[in-house]
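Indexing begins at 1, ligand by ligand and atom by atom, following the structure's order.
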Amino acid sequence: MTDTKSNAMWGGRFAAGPDAIMEAINASIGFDQRLAQQDIDGSRAHAAMLAEQGIITPNDAKAIREGLLTVLSEIETGKFEFSVALEDIHMNVEARLKDLIGEPAGRLHTARSRNDQVAVDFRLWTRAQMDAVIEGIRALQHALLAQAKTGADWVMPGFTHLQTAQPVTWGHHMLAYVEMLGRDASRFEDARRRMNESPLGAAALAGTSFPIDRDMTAKALGFDRPAANSLDAVSDRDFALDFLGAASICAMHLSRLAEELVIWSSAQFRFVTLSDRFSTGSSIMPQKKNPDAAELIRAKIGRIFGANTALLMVMKGLPLTYSKDMQEDKEQVFDAADNLMLALAAMTGMVSDMAANRASLEKAAASGFSTATDLADWLVRTLDMPFRDAHHVTGALVKLAEDKGCDLPDLSLDDMQGVHADITADVFGVLGVHNSVASRTSYGGTAPDQVRIQISRWQEKLA
Ligand code: ARG
């Protein structure tokens, strides 16, 4: 669409309108219409302040503020016709306001620029997303806590290098993710605190000669204070990068849990059964129940970290202050936010619905010589052996069991004494997985009692 008329908003010095390609590369209305609510909130606060300061009349402010609400309801009900020729959400809203109220609409942009306008809109949007993400994280933490409560003392193999290491409890494993997500939430909370300064009133870049009250608009929009440097205020996108950085780490955590669910739900593991609601079938193999949601969550880190990288690259080397490059900020954050919210919701559904298979977990926990460390510890405690020697003796016992094709508790006392003469029948007490986990009572350890302490702590924290 080529518009031959020069632009009504900034076309004073232009004889002709933009080329169609120019319009296509320049316009952001295709995506920044998502900022409509924030744009109108910001404009309404600005208009009220202009009137309060005697910069526009109370009547004009009233017409502007009411007209903006009409525009918002038109947008919300899908009646609004967005125009590419009007570039972005800011000019689309203002042009419609002019249709509705006439001349006073032209006074709204006094002491303001699209540079501080877009900065305030995008901050408000990102702030609301941070709150939504934190809520999504809390819901997932609750789902994990419920799993932890059910299986606080269920034993499963703990892995290092994805090799059986030591028995742990299901509750303990679930709580590991509760901890990760707790840090994720705190990263978003930190970012929110840091970003909560209002750029409104920075105008194009230098501030304004009008007697504006930046504290008033900051307060009206829920900011803690106005941003203290106008150049920084219009050119800062750290809040978006903070969001994407926190989102990347959170998505990375989700990908790890997703990967475990993929492994655990396989026929080879059978640690968990995913619900039908969060699984899919195969069009050719009737027996298949696939963990597609988990796989897609595992993949989301790709686009979310991609968005983080993309925006860092956009911002890299930009001279102060605003450059149009910065219009490329929004799609990255929108996409990352949408996908993180979806991933959190899907993970919450999957975790709430899944059933851990207690018997399979326990069977796996008892295999792979998982209590070898318990045996070594017994040698240290009972025979006063240095740990390094105990490690060596235990290694010989593991080798013996391996040769015999059995697990450690299946060795006879004779077998054991053949390796070390002082071993007594008492040793069998520590070779069972339940005794093993129950003994790990150090703070933060896997013993069911410790797990229950941590469950209570989290329940209080999230209450
Ligand atoms: N659509 C623009 C953006 O998203 C709004 C700010 C435009 N400012 C300007 N000086 N051209 O960044």
Taking all non-hydrogen atoms of both residues into account, name the closest pair between [X] and [Y] and its distance.
| X | Y | value |
| --- | --- | --- |
| Gly151 | Trp170 | O-CB, 3.5 Å |
| Ala343 | Ile297 | O-CD1, 3.7 Å |
| Leu97 | Ile64 | CD1-O, 3.8 Å |

Heavy atom of the protein closest to [atom] (residue, atom name, distance):
| atom | answer |
| --- | --- |
| atom 3 (C) of ligand 1 | Tyr322 OH, 3.3 Å |
| atom 1 (N) of ligand 1 | Gln327 OE1, 2.7 Å |
| atom 11 (N) of ligand 1 | Arg114 NH2, 3.5 Å |

CG-OG distance between Leu108 and Ser43, expressed to the nearest 0.5 angstrom: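 Leu108 atom CG to Ser43 atom OG measures 4.5 Å (nearest 0.5 Å).
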Atoms of ligand 1 close to Ser28 [distance to a heavy atom under 4.0 angstrom, numbered from 1]: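 Counting atoms of ligand 1 from 1, those under 4.0 Å from Ser28 are 1 (N).
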Which of the ligand 1 atoms, numbered from 1, are nearer than 4.0 Å to a heavy atom of Asp88: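 Answer, ordered by atom number: 1 (N), 2 (C), 5 (C).
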Close approach of Gln117 to ligand 1, heavy atoms, under 4.0 angstrom: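 Heavy atoms of Gln117 never come under 4.0 Å of ligand 1.
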Region of Lys330 that comes within reach of ligand 1 [heavy atoms, distance under 4.0 Å]: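 Under 4.0 Å from ligand 1, Lys330 contributes side-chain atoms alone.
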Non-hydrogen side-chain atoms of Leu86 and Ile29 separated by less than 4.5 Å: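 Of all side-chain heavy-atom pairs linking Ile29 with Leu86, none is under 4.5 Å.
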Donor-acceptor side-chain pairing of His172 and Gln454 below 3.5 angstrom: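 Side chains of His172 and Gln454: no pair found under 3.5 Å.
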Plane angle bin for Phe271 and Phe269 - parallel if under 30°, tilted between 30 and 60°, otherwise perpendicular: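 Aromatic pair Phe269/Phe271 classed perpendicular.
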Closest to atom 10 (N) of ligand 1 (judged by heavy-atom distance), picking from Val118, Asn115, Asp32, Leu205: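 Considering heavy atoms of Val118, Asn115, Asp32, Leu205, the nearest to atom 10 (N) of ligand 1 sits in Asn115.
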Min N/O separation His90 to ligand 1 under 3.5 Å: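 No: no nitrogen or oxygen of His90 is under 3.5 Å from one in ligand 1.
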